[in-house]
Protein chains: 2
Amino acid sequence: MRGRGSSKDRGKVIKPPEANVRLETVPRQSTIRDVARAAGVGIGTISRVLNSSSQVSRETRARVLEAIRRLGFRPNAQARRILRRRSEIVCFLLSNRDFLHPFHARILQGVESYASSLKHHVLFAVLHYSPRVPPEKIDLPPVLQEHGLIDGVILAGTIYPNLLRRIESIHMPFVAFSNNVVGTDGEQHYDQVGFDDSNGTLQATRYLIEQGHRLIGFVGDTSYPWIQRRFDGYRQAMRESKLKPISAMPRSLDGFVDFGQKSALRILSRKTRPTAVVAGNDETAYGLWVSLRRHGVKVPEEISLIGFDDREEAVLMDPPLSTVRVHKEEIGETCMKMLLERLHHPQMAFSHRILPTEFVVRGTVLHL
Amino acid sequence: MRGRGSSKDRGKVIKPPEANVRLETVPRQSTIRDVARAAGVGIGTISRVLNSSSQVSRETRARVLEAIRRLGFRPNAQARRILRRRSEIVCFLLSNRDFLHPFHARILQGVESYASSLKHHVLFAVLHYSPRVPPEKIDLPPVLQEHGLIDGVILAGTIYPNLLRRIESIHMPFVAFSNNVVGTDGEQHYDQVGFDDSNGTLQATRYLIEQGHRLIGFVGDTSYPWIQRRFDGYRQAMRESKLKPISAMPRSLDGFVDFGQKSALRILSRKTRPTAVVAGNDETAYGLWVSLRRHGVKVPEEISLIGFDDREEAVLMDPPLSTVRVHKEEIGETCMKMLLERLHHPQMAFSHRILPTEFVVRGTVLHL
DNA sequence: CGATTCCATGGAACTGGTTCCACACCTTAG
DNA sequence: CTAAGGTGTGGAACCAGTTCCATGGAATCG
């Protein structure tokens, strides 16, 4: 068998006669060359039709499209991606610390929605790590280790600095959801999207003051930076009106609901009981609500209550919970948008986009 | 420029001298051929080392690995996939009717977990469709239209028959989460994973009977097939003990919580008020609970209550809701497992795997 | 009427991996 | 000492696309 001969033969003798039967049961996906042969044109023409790039005559285009339809041809996505050097797939990366919390699920929803409108795909991956391990020891999921599979990463969930440094080390474009970043070091080496925690509670607290409340408490686990920021907003509003902040911060290791429950006791045991409470988030507000109800304290008649996040469940509470709405889908969309900008302009300066929150008045706030 | 000459040159003259500067700012990812040259071996040897397939001498392997390390080489995932004819990416497809409901989010979690343990990737996609449109008019997301991007599909969310037929039409291996399939036509042309709705309520109702309850109601919107199956399980348990089923089925278009609230009125207006109620799901149980509380009826002192699904929130209710636990992650894992089996054995007969449920006793059930 | 420009088209060479065959070299057996 | 078998290695051909250059014919121009 001569060198050149074998090359020519291979093209046609891919299926040796005896193997034909087996191959016919699983019909091989037709390729651009099959289409070219069927339409009686060259392979380049097929490519041009597919990419509607340069000129192809009306009749030729019609013949090619007809052949494509007849053969049921669908271009191979992988092959195309090699040349394009873009996979148009982004990775939504969530730390295992958050499972797929409804809040982040909604962000994912936003990412997917915006991505798919621009013909991009979203790969979902979970990262297992602990805040303590040194960055270089964090085991990134295989998606990030492979080369060429994804174009960039959207990082959600609770993010510790070691993770940020690890992601930076692989030189993969990424955007982080910034509100759950724990312990930033000031300098910004990456793109971020977030919302304004402190402004949210600032508006909420101001609203309570407008409604005539003077004794307003804050309940939230400020060991989380985002709760701390919400506390700051509350304090600012109190300061503006020369009111004295009242806060309850029990020790709790059983999550936000438990924290809310425990802090109810502290609130109730005060000499001067507040007429309203701003909670660090909806879960804390819920815990507080449960505990107040148990103690026969009526919401909002005796104590007004405001949450934060506007989870699905907030509106289902009885009475429905007043809260600070965060547009979760919009966060996802904005993350995706920023990532695409970064991909198209790699040298662009890093930015931090802050989305507004919205105070939603429902049944748990009383006008005094 | 001669034909053959140009081919040889191209390999080396990719960067013409004057373009060198620009190219150095964005260093081209090194390829298998760069590694081969650096290690002084052939390209085949690099491939052999990467796939640890056949024999490579100890020294050669060391030299190659060293070159790989030095050049920071990472194989291009896309190129590899063309030849493998497997992308090792599966698509988790959710209908837009369900957003990313926590229930399905947990299934996704299970899919991801099992997939990643087997070095597979999960692509998240949302499908926009209405139950009414004919199958051929359903617009599948681009992932499913492309060829070679994904190996198979896991279908979750509420699934109407037109969607099933549409997916079947593209001849892509898929596994469906069967509990939310609406209107099956008996014949099974695909793989399914689900859990046993009717057995869940059967166990729960039997438990209530054991606890001495005789007047037991069922509350649930049976227009959903899965709720209907739960109703069937309840009825079977009642029949076994020769008890008369009591049910409340108000009209409600505002979701399960509202349905639960509305049915409370019906329950309470009965001459013989039931001492226990089995709800179609946790949301309905919650709605019922809210409404009962408003009417001053104590749970469980006056009425015992059982939900279904074991959502995260069930345990946070006050008292914590007794419910039928569904292992959502396990559903996801099993879907993924079945899909991989299907991919490896395309001719295998279709199967329907039913996972068990588990009755969880919490605070809302009283022993009479 | 010959030269120039333009458009449509074919196909070689390319992307970055894998596969497989040929071959060199070294044992081991006959 | 030759034949046979085994191991390690190089590289052409391959996958299924894209890119780009050469070509041929029609249209335009001087």
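Note that this is a predicted model, so its numbers are computed, not measured. First the proteins, then the strands, lettered A, B, ... as listed; each starts at 1.
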Closest approach of [X] and [Y], non-hydrogen atoms and distance?
X: B/Glu112; Y: A/Ala125; answer: OE2-CA, 3.8 Å
X: B/Leu100; Y: B/Leu94; answer: CD1-CD2, 3.4 Å
X: A/His189; Y: A/Phe350; answer: O-CZ, 3.1 Å

5'-most contact on DNA chain D: B/Thr60 or A/Ile43, nearest heavy atom basis? B/Thr60
Without hydrogens or angle criteria, can the side chains of A/His147 and B/Gln78 be said to hold a donor-acceptor pair below 3.5 Å? no
Out of [options], whichever nucleotide has its closest atom nearest the side chain of [X]:
X: A/Ser57; options: C/dA8, D/dA16, C/dT18; value: C/dA8
X: B/Gln55; options: D/dG11, D/dG8, D/dG17; value: D/dG8
X: A/Asn51; options: C/dG17, D/dT18, D/dT9; value: D/dT18

For B/Arg58, which contact category applies under a 4.0 Å heavy-atom criterion: base, sugar-phosphate, or nothing? nothing
Does any residue of residues 64-72 of chain B have a heavy atom under 4.0 Å from DNA chain D, and if so, which ones, in number order? none
Hey, is the side chain of B/Arg48 pairing donor to acceptor with the base of D/dG10 inside 3.5 Å? yes
Any N or O donor-acceptor pair linking the side chain of A/Arg81 to the base of D/dG17 at under 3.5 Å? no
Ring centres of A/Tyr190 and A/Phe174 under 6.0 Å apart? yes
